[in-house]
Amino acid sequence: MSAPRSLFKRLARYYLLFAAGFAAFLLALTVLEQEGMSRVWIGYLFMFATITLYATIGVISRTSNVTEYYVAGRRVPALFNGMATAADWISAASFISLAGGLYLNGFDGLAFIMGWTGGYCLVSLLIAPYLRKFGQYTIPDFLAARYAGGPAGRGAPVRVLAVAATIVVSFIYVVAQIYAVGLIASRFTGVDFSVGIFLGLASILVCSFLGGMRAITWTQVAQYIIIVVAFLIPAMWLSVKHADNPVPQIAYGKVLTQLSAREQVLGQDPKEQEVRDIYAQRAHNYQADLDGLPASWEAGRLAAQRQLDILRKRNASLFDIRSAERTLIAYPKSPEEARSAWQSALALNLKRAEPITPHAQPFPAPDRAQSDIKRNNFLALVFCMMLGTAALPHILMRSYTTPSVHETRVSVFWTLFFILLIYLTIPALAVLVKYDIYSALVGTQYAHLPTWVSYWANVDKLSPLISIVDVNRDGVVQLAEIAIDADVLVLATPEIAGLPYVISGLVAAGGLAAALSTADGLLLAISNGLSHDIYYKVVDPTASTQKRVTISKLLLLAVAFIAAYAASQKPADILSLVGIAFSLAASTLFPALVLGVFWKRANHHGAVAGMLAGFGVCLYYMLQASPLLGGGPSGQWFHIAPIAAGIFGMPAGLATAILVSLLTPAPNKRSSGMVDHIRAPE
């Protein structure tokens, strides 16, 4: 029996045993819950068991061999590489936030699914097989060799720029994953959000620190099994509950019709309109305050101080006095601070005053012009997600881990298959959960709110993940009174559906697996870029293999802690961070990669200019248009949201690379020969 076949059978046996053991673990916890085990202990067991599993695989797979550490020995079978890549890809954004985004945005949220899935078609057709034929370790390796253009070391500028782009893109992406780890750990163990981040970080480091790509690969296969089970079980349960059909992808259509009917009923409810009118009035008041600055700020501050003085003189209750003190302390300290706070409050109240948007309606807007703007943003986002997917360093690195080019192509097929198991379920889950909330939670008496509402409201008290406030004081929950963060919906789905708490723990374990698997790959991409492409290729080409691996491990440790600190500051929601990373990847790396494979005339000068131009245009637009980075809607071009900044950066990078390549000397025969080599059939 050949070695590859023997390895495949051995791996299949191991992971079948793992799946059986995991099923037995779930069954045992279900029995223990029936016997009265507390929810806290169930959460601890899920966290401890899964993190211990990943750590064990990391310890078993530890290595100091360069090829094993960087590319898992180039011997991962296509099926298992597909599972590992799918786990690497199904990040916290996909597992935790995407269904929530579809819940909040309806049809418009499909841009992520279409873009990310289509991106893998580009990976398969344009990039992955050629990288495997090249056969080195990192993406900067390929770009430096392709654009070397002459004497040794000429490719260094391209290499350094590629490493810089890898670090920026991967760092932003990994911050989103670590944020999700903190969210899950804080909910299911009760620890503080920041503490939860560093608990999850321990699991990430054990895998990637000890065994590099080898440990990460075998851990990610196990993580994918957990991810797919955790995502499908709640979806199938809700599907049976609302459509008497265990296949959510098929039940989706029937429930969507029921949801549309429910939306019409709620849209005509006078109580719903009453709540929305209150929000509209609040928005009007904030607009008046903004128009009256700075006098309105001073009047508001004096009113808050006067209210506190009156309560003190009347010997009011301590609760009322403390409440007035908190109001005064929270009041903006300057007119500039007031402007920023009131603009945010204005936007929030205007959003909540809007009528119900039908879930299935594409590009909903009050007029044609606004609908066209939404359509353009949808297409721009699909474009950025596709090209960003095709240029993500931690995904493309997996092209190097298979035994051959043929295995790489087959691996991408399996990756798409395993991703589609989740991605075809996400829209169905969003509709199922939305219908459950619209039909079960809306209309509930405030005195009888389900317990999951208070659980999730207390996870982050400064920025609540769910908020239900009786705005019109009628004692009944209206839809307009519910505010749910996109990052909480999937994690809360088992409780929303009334499933046993064991399933809540399972979904948390799935979300943790999704975040950890992607974080492992991203951190390895950053540390390998620094140790292999900068230290070994530029600084010290004589470094021993042991020294290179050791430096990679130390750099990985440092980057992990910096990313954890950044995540603890909660810079933005998960989908926004991921969107920024994808736009930057599409703008900076995609043109150089594709031109490097398919256009022999592309040269060193064009690659450098194209990468700088793409990155510069994309970053400039984000700074101009994103409120998170100090910009605003007035800085937008053609009303394109900053999350799709790659729609400007990628064409700028591509056009610059082509123009500069044509205006400068053609690359030498070595570069042309390399293109012929990687494009020749295996």
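For this chain, numbers begin at 1 and follow the sequence in order.
Taking the side-chain contact (heavy atoms from CB on, under 4.5 Å) definition, one finds that Ala563 meets it with Phe171, Val174, Val175, Ile178, sequence neighbours left out.
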Practice prompt. Give the intermediate values and the outcome of side-chain hydrogen bond (donor to acceptor under 3.5 Å, both in side chains) for residues Asp436 and His242.
Written response: CA-CA 8 Å; Asp436 202 284; His242 294 303; 2.9 Å; yes
Worksheet item: Can Asp372 and Arg375 be said to form a salt bridge (Lys or Arg N to Asp or Glu O under 4.0 Å), step by step?
Response: CA-CA 5 Å; Asp372 287 346; Arg375 181 200 60 210; 3.3 Å; yes
Practice prompt. Please step through salt bridge (Lys or Arg N to Asp or Glu O under 4.0 Å) for the pair Glu336 and Arg339, ending with a clear verdict.
Written response: CA-CA 5 Å; Glu336 292 73 23; Arg339 182 180 299 278; over 6 Å; no
Item to complete: List the steps and the verdict of side chain to side chain contact (heavy atoms under 4.5 Å, CB included) for Leu499 and Leu238.
Response: CA-CA 9 Å; Leu499 282 159; Leu238 277 171; over 6 Å; no
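Ring geometry, Phe231 versus Phe95: the interplanar angle exceeds 60°, so the pair is classed perpendicular (tilted spans 30 to 60°).
When all heavy atoms are compared, the tightest approach of Leu479 to Ile356 is CD2-CD1, 3.6 Å. In this structure, Tyr331 and Ser296 approach most closely via the heavy-atom pair OH-O, 3.7 Å. In terms of heavy-atom proximity, Ala428 sits nearest to Pro248 at CB-O, 3.5 Å. In terms of heavy-atom proximity, Pro234 sits nearest to Ala230 at CD-O, 3.0 Å.
Shown here is Phe648, whose CZ atom has more than 12 heavy atoms of other residues, nucleotides or ligands within 6.0 Å. Within 6.0 Å of NZ on Lys351 lie no more than 12 heavy atoms contributed by other residues, nucleotides or ligands. The environment of OH in Tyr446 is crowded: more than 12 heavy-atom neighbours from other residues, nucleotides or ligands sit within 6.0 Å.
Figure legend: Lys434 and Tyr103 shown as a cation-pi pair, the cationic atom lying under 6.0 angstrom from the six-membered ring centre and within 45 degrees of its axis. Annotation: cation-pi pair Arg301/Trp297 present, NZ/CZ under 6.0 Å from the ring centroid and within 45° of its normal.
In this structure, the side chains of Leu348 and Tyr279 stay at 4.5 Å or more apart for every pair of heavy atoms. Contact check for Leu584 versus Leu589: no side-chain heavy atoms found under the 4.5 Å cut-off. Side-chain contact check for Leu489 versus Val433: some heavy-atom pair is nearer than 4.5 Å. Considering only heavy atoms from C-beta on, Phe112 stays 4.5 Å or farther from Ser97 through its side chain. Considering only heavy atoms from C-beta on, Val168 stays 4.5 Å or farther from Thr588 through its side chain. Under the 4.5 Å side-chain criterion, counting only non-hydrogen atoms from C-beta, Val507 is not in contact with Thr493.
If you check the side chains of Gln281 and Asp277, you find no donor sitting under 3.5 Å from an acceptor. A donor-acceptor contact closer than 3.5 angstrom is absent between the side chains of Gln273 and Asp269.
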Per-pair distances, 0.1 Å, donor-acceptor, side chain in residues 619-628, under 3.5 Å, sequence neighbours excluded:
from: Tyr621; atom 1: OH; to: Trp637; atom 2: N; distance (Å): 3.0
from: Tyr621; atom 1: OH; to: Ile640; atom 2: O; distance (Å): 2.3
from: Ser626; atom 1: OG; to: Leu628; atom 2: N; distance (Å): 3.3

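Between Glu274 and Arg473, no side-chain nitrogen of the basic residue sits less than 4.0 Å from a carboxylate oxygen of the acidic one, so the salt-bridge criterion is not met.
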